[in-house]
There are 2 protein chains.
Amino acid sequence: MDGRGRRTTMYDVAAAAGVSHQTVSRVVNGSPQVRPETVERVRSAMTRLGYRPSGTARNLAVRRTRSLGVVSFMGPLFGPMSMLLSIEAAARRSGYAAQIVSAHGLDAGQVDAVLEEVLGRDVEGVAVIAPTDGQARMVDGLRAQLPVVAVEGRLGDDVPFVASDNEAGGRLVAEHLLDCGHRTVAHVSGPTDWGEARQRTAGWADRLVAAGVQPGPVWVGDWSPEAGYRAGLELLEHPRWEEVGAVFAANDSMALGLMAALHRSGVEVPARVSVIGYDNTPESGWLQPALSTVEQQFDAVGAAAVERLVSLLEGGDGAAELLIPPRLVSRSSVSWHRRR
Amino acid sequence: MDGRGRRTTMYDVAAAAGVSHQTVSRVVNGSPQVRPETVERVRSAMTRLGYRPSGTARNLAVRRTRSLGVVSFMGPLFGPMSMLLSIEAAARRSGYAAQIVSAHGLDAGQVDAVLEEVLGRDVEGVAVIAPTDGQARMVDGLRAQLPVVAVEGRLGDDVPFVASDNEAGGRLVAEHLLDCGHRTVAHVSGPTDWGEARQRTAGWADRLVAAGVQPGPVWVGDWSPEAGYRAGLELLEHPRWEEVGAVFAANDSMALGLMAALHRSGVEVPARVSVIGYDNTPESGWLQPALSTVEQQFDAVGAAAVERLVSLLEGGDGAAELLIPPRLVSRSSVSWHRRR
DNA sequence: AAATCAGATGTTAGCGGTAACCTCCTCGCT
DNA sequence: AGCGAGGAGGTTACCGCTAACATCTGATTT
């Protein structure tokens, strides 16, 4: 800015350095077509005047913003949060800025406002972290306008989709429990309108059935510790409680609540019943007992999502679907089943 | 975009509706100076052609971007993460977009790159979440260019600063412990180059001293559960361990690790020793025992930060400093001290 | 009926860059 | 000496919008 509030432009620098604005532009963009001494003169004029190029003007001229929208439809849960960060980092590595817009509520008005918002920022593509159903249709308008990739929640068959393989995760859990000799296992699932929750449950059930084991009683929670706690109390009242040797909670928070309920009722984990969670939050290894769980590779998912989006922008066609395998983290909350 | 890749502009819409581009502009911006039927004609042309206004061009013309930079210098810790989200939400409520840039590392090169990045996006102001020292000087260049507000970590005396009142939080802890009859309390602090850590420690120590109690042994951790665990093990070996009736961990994660260590060694919490944390993470109420802790009002801090920044942009002068009081959450990990 | 006025719309000139094309100069070569 | 090539830099025309001012109606005033 100069004295009268006008911003310092290339033309000012050009005048000060005794060259044309185009030469200043060349210097700014590191063109080799400028003599070193000229570069020096321009550089010094720039710092003397405190010049900063206008990204806005540049974007307009080149007709690119190099920015991606990231819309996230939920609060500060561990998973979604980690995704957000990992996408931002991946985008930056690819030379794009991430325009993050997060909406906690999910009502139609909200969703529309968020989409308007992100569209209005001239992003070149959008990654939608939409783990619950019902956002799919609302996002239709978006898809018509620019490349979209769905992360963690499917948005429709024709939208490229990247996620952690929750079905595989569920299977991993079932397998681990079977390996440990468990034949009756209960489950506290996530909300049924979350694709991730359904898939974890499905993978788990499938694997059990494949082994000739009947999936045990199931409770539906909302990811919160409290939901796990309530499920735990009800589990203790369940007619088949005596037979239950293990419980699979669909995330670590619910596993925590569940263990709290069991503990309060004097039920020992893993001596009487094994517990396994999902997420591998930084805390889970330090719970009592240390929680066995499944770790998702958020970084890989975020990187893949950005990569797909960028390839779409560059004219490639995004492969339909990519699932990143999770891995089991075995700790002490699961133990061998001792037949009673 | 039309068939040949040229984007649909106001002029296209204008032509299609038989008006001038300026009238289209008026319609887009909801000017009352346009006849309803004209509005209708323009609107229909817009949807027919799939027109989207270019925010970039608009920003250039009005010479405002209405966006704020938010730079965050650390990883996915609960506190910083919550701040990020709350600032984004507050900014959006005030009509600004938040340009989030987060850097995990802190070396000089990194910091400069991040600042360049955020400056290059034409933000009007910047909120810096810089909880550790050493970023202060690096941010000097920024300050010269545009309004800056520091969040959670002071950036220098002349930079407006908004944070949760950590000293008050420390005092709250000490007071609570004193109220419960504890006279010897140990402390696992955060890293000493975090202002927040130092202030929690200072508030805690001050309050104890004011009550004529000598602050007990102190360990320095890095916020991780593991650090808490190690401190716990060392605490058990400490010559004065017998006298220690309570431990204040500077965040919930370390409190968790600490409790794990105590548990593993057969020390009962809170029967033998009380433990109190800081942060009130969603999980802390469900630990065993439920963790007493201090809750920070991240939403209020974020809102205040944005408010200050916006007021600076509008020519106001930011008040120097604002501290938001935290509140104590009393649960069962702290109990009355029974004199032995 | 001429003058006035306000509402509705059009015209022109930027905003701060980049792209494409053009000019000028110097150097090497025949 | 004449000529072409290429390096260094300048000119001009956009990019897609808004601001400011100009113009044109038709209705109202006198």
Side-chain angles (χ1 to χ4, degrees), chain A residues 1-2 4-43 45-46 49-67 119-124 145, chain B residues 1-2 4-43 45-46 49-67 119-124 145:
Chain A
M1 304 276 202
D2 72 1
R4 280 180 308 293
R6 228 191 81 262
R7 140 174 210 156
T8 307
T9 73
M10 273 194 166
Y11 292 86
D12 301 321
V13 176
V19 298
S20 78
H21 72 280
Q22 185 59 254
T23 297
V24 177
S25 171
R26 292 193 178 103
V27 170
V28 168
N29 296 298
S31 155
Q33 297 282 78
V34 187
R35 274 207 323 256
E37 53 201 85
T38 312
V39 171
E40 196 32 59
R41 224 159 7 111
V42 172
R43 281 257 157 72
M46 293 201 307
L49 278 80
Y51 170 71
R52 299 229 123 253
S54 156
T56 305
R58 174 169 216 287
N59 286 344
L60 181 59
V62 300
R63 274 168 286 187
R64 294 208 55 179
T65 58
R66 290 203 158 274
S67 69
L119 242 32
R121 294 194 203 162
D122 292 355
V123 298
E124 298 181 17
Q145 309 268 348
Chain B
M1 303 277 202
D2 71 1
R4 275 180 311 293
R6 230 192 79 262
R7 133 172 218 164
T8 306
T9 73
M10 274 195 165
Y11 291 86
D12 302 321
V13 176
V19 297
S20 77
H21 73 279
Q22 186 60 254
T23 297
V24 178
S25 171
R26 292 192 177 103
V27 170
V28 168
N29 296 299
S31 155
Q33 298 279 76
V34 188
R35 273 207 325 256
E37 53 200 88
T38 311
V39 171
E40 195 31 59
R41 225 158 7 110
V42 172
R43 281 256 156 72
M46 293 199 308
L49 278 74
Y51 170 71
R52 298 229 125 253
S54 156
T56 304
R58 173 169 216 287
N59 287 345
L60 182 59
V62 300
R63 273 169 286 185
R64 295 210 50 180
T65 57
R66 292 202 158 273
S67 69
L119 241 32
R121 294 194 201 161
D122 291 356
V123 298
E124 298 181 18
Q145 309 268 347

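We name chains A, B, ... by the order of the sequence lines, and we start the count at 1 in each one.
- Between B:Val34 and B:Thr23, the shortest heavy-atom distance links the atoms CG1-CG2, 4.2 Å.
- Going from atom CE of A:Met10 over to atom C1' of C:dT18 covers 8 Å, rounded to whole Å.
- Non-hydrogen atoms lying under 4.0 Å from DNA chain C are contributed by A:His21, A:Gln22, all within residues 14-24 of chain A.
- Distances shorter than 4.0 Å separate some side-chain N or O of B:Tyr51 from OP1 or OP2 on D:dC17.
- Summarising the geometry, the separation between CE on A:Met46 and C1' on C:dG17 is reported as 14 Å, rounded to the nearest angstrom.
- B:Arg35 meets the salt bridge (Lys or Arg N to Asp or Glu O under 4.0 Å) test with B:Glu37; sequence neighbours excluded.
- The nearest whole Å value for the distance from the CG atom in A:Asn59 to the P atom in C:dC15 is 18 Å.
- For the OP1/OP2 pair of D:dT18 and a distance below 4.0 Å, the side-chain nitrogens and oxygens of B:Asn29 include at least one atom meeting the criterion.
- Within the 4.0 Å cut-off from OP1 or OP2 of C:dG17, not a single side-chain nitrogen or oxygen of A:Ser25 is found.
- Distance, B:Arg35 CZ to D:dC24 C1': 12 Å, rounded to whole Å.
- Of the two residues near DNA chain C, B:Tyr11 and B:Gln33, the one whose nearest nucleotide lies more 5' is B:Gln33.
- Distances shorter than 4.0 Å separate none of the side-chain N or O atoms of A:Arg63 from OP1 or OP2 on D:dC15.
- Using a 4.0 Å heavy-atom cutoff across all strands shown, B:Thr56 reaches no nucleic acid atom at all.
- For the pair A:Arg58 CZ and D:dC14 C1', the computed distance is 16 Å after rounding to whole Å.
- One can place CZ of B:Arg64 at 17 Å from C1' of D:dC17, the figure rounded to the nearest angstrom.
- With rounding to whole Å, A:Arg7 atom CZ is found 15 Å from C:dG14 atom C1'.
- Straight-line distance from the CG atom of A:Asp122 to the P atom of D:dC15: 16 Å, rounded to whole Å.
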